[in-house]
Protein chains: 2
Amino acid sequence: MGDLREPLKDLIECGLPQALEVMGERWSFMILRAGFNGLKHFEEFLSELGIARNILSNRLAKLVEHGILKREPCADDRRKIEYRLTEKGFDLLPAMLALRQWGQKYGTEQVIEDPVLVDERDRLPIGPVSILAHDGRILGHQDLWLTRPADLGHRADGSIATPAAGLGTGDVVDIAAAKAAAR
Amino acid sequence: MGDLREPLKDLIECGLPQALEVMGERWSFMILRAGFNGLKHFEEFLSELGIARNILSNRLAKLVEHGILKREPCADDRRKIEYRLTEKGFDLLPAMLALRQWGQKYGTEQVIEDPVLVDERDRLPIGPVSILAHDGRILGHQDLWLTRPADLGHRADGSIATPAAGLGTGDVVDIAAAKAAAR
DNA sequence: AGTTTTCAGTTGCAACTCGCAACCTAGATA
DNA sequence: TATCTAGGTTGCGAGTTGCAACTGAAAACT
């Protein structure tokens, strides 16, 4: 497949484009979810997702290529191939859950989650996926600031501080100001 | 393994497909990120992202339609239109950050994050986006299980409990087993 | 052994989406 | 008035998706 198009990758000032390169594809997250649910074989994914064969083949290959799934021939039946999550794949769980929780919160159709995801220790439902401070406090978007590495640990003193929830474009410090100055 | 596997249920049992309906589109997350960075106007998104005009127009309309952005004519210049994040849009921050952190962790190219996202209170970098238990403990994928709502709060006793961390399909599968198999 | 079924694909083709460039319209600016 | 600017829309070629049919090898029946 000739990739004449990878504009996303050009904006490599944060990890987002890198993540989207793989997971931004149409079925990637659904396949990942199926993987978390324990599906391993081609035909399982096929009937579970209702995806076209060629697309599934292509997506699985891409996920394997990017190290999110491992492709291994089955021991007992050598026609079968097992697609299993790698550690890299498992590390997508927070992202997937966050997306899922968001979809659930705002989805039009009221989703009655028949099987509920719980903490195995006390069997109580898990809380929302959260952004944590270094000391474990839960942060909201109001609590986030953009700083240069050099300024780490220094409190804002009026001129250095950035009243913006910037998230990694590579813009210097104050994004709004930079934009304003640019015209 | 799961012999209790129930007939495959619809995929719509979890919020993921709902979330992907909007955010699964090719540029949605990049536009969202730009929104978090304070960009508001069409031409700003255009030059920041390098996206085609028609696609940007289409994506913005879809994001507005889904209530992630608000479209409001500018007061001072009536040609201009402001696209601003709604609360629903801001609620995507954990998902976006989780994705970004994953991309940063595994990205091929070493991203030197020049501006770092920090907790505004102490200006220390934020921690990883995490799955929390109801009491605030950070959970890994080993700690997650799938239960029926009726069984909430009851410890596993061998027959009722479901040793699974399925994430919405209704399948009953052990995520720990999947993880063990992954290596 | 010979036939059939299952698994994991590949190929061909129609429909759709993307990206680029050009064009359009209302509102500012000179 | 003419021109510029912001935010689109339209047309076209290329790329992507989905469906159905075909392949090839390894099990499973007969």
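Throughout, a chain's letter reflects where its sequence line sits, starting with A, and its residues are numbered from 1.
Counting any heavy atom pair closer than 4.0 Å across all strands shown, B:N54 reaches a base atom.
The shortest distance between the side-chain N/O atoms of A:H41 and the OP1/OP2 oxygens of C:dC7 is not below 4.0 Å. A sub-4.0 Å separation between OP1 or OP2 of C:dG19 and a side-chain N or O of B:W27 is present.
Rounded to an integer number of Å, the gap from A:M30 CE to D:dT17 P is 16 Å. Rounded to a whole Å, the CD atom of B:E44 is 16 Å from the P atom of D:dT5. One can place CZ of B:R78 at 15 Å from C1' of C:dT25, the figure rounded to the nearest angstrom. Summarising the geometry, the separation between CZ on A:F42 and P on C:dT10 is reported as 8 Å, rounded to the nearest angstrom. The nearest whole Å value for the distance from the CG atom in B:L39 to the P atom in D:dG7 is 12 Å. Atom CD1 in B:I51 sits roughly 14 Å away from atom C1' in D:dG8 (whole-Å rounding). Separating the CG atom of A:D76 from the P atom of C:dT6 is a distance of 17 Å, rounded to the nearest angstrom. When the P atom of D:dT17 is taken as reference, atom CZ of A:R53 falls 18 Å away, rounded to whole Å.
More than 12 heavy atoms of other residues, nucleotides or ligands lie within 6.0 Å of CZ in B:R137, so this atom counts as buried by the packing criterion.
Mapping A:R26 and A:R79 onto DNA chain D by nearest heavy atom places A:R26 at the nucleotide closer to the 5' end. Residue B:I55 is the one, among B:I55 and B:D77, whose nearest nucleotide of DNA chain C lies closer to the 5' end (criterion: closest heavy atom).
With distances taken from any side-chain atom of A:E25 to the nucleotides C:dG9, D:dG7, D:dT17, the minimum falls on D:dT17.
Under the 4.5 Å side-chain criterion, counting only non-hydrogen atoms from C-beta, A:P94 is not in contact with B:Q101.
Aromatic ring orientation, A:Y83 versus A:F45: perpendicular (interplanar angle above 60°, classes split at 30° and 60°). The aromatic rings of A:F36 and A:F90 lie perpendicular to each other, with more than 60° between the two planes, well past the 30° mark.
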>> Before you tell me yes or no, could you show the steps for A:R121 and A:D119 under salt bridge (Lys or Arg N to Asp or Glu O under 4.0 Å), namely the whole-Å CA-CA distance, both residues' side-chain angles and the distance that decides it to 0.1 Å?
In response: CA-CA 5 Å; A:R121 206 190 290 186; A:D119 172 6; 5.4 Å; no
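Contact check of residues 56-63 of chain B against DNA chain D (heavy atom, cut-off under 4.0 Å) returns B:S57.
When hydrophobic clusters are built by joining Ile, Leu, Val, Met, Phe, Trp and Tyr residues whose side-chain heavy atoms come closer than 4.5 Å, directly or via intermediates, A:I81 is grouped together with A:L85.
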May I have the list of side-chain donor-acceptor pairs in residues 52-62 of chain B shorter than 3.5 Å, sequence neighbours left out?
residue	atom	partner	partner atom	Å
B:R53	NH2	B:E43	OE2	2.9
B:K62	NZ	B:E25	OE2	3.4

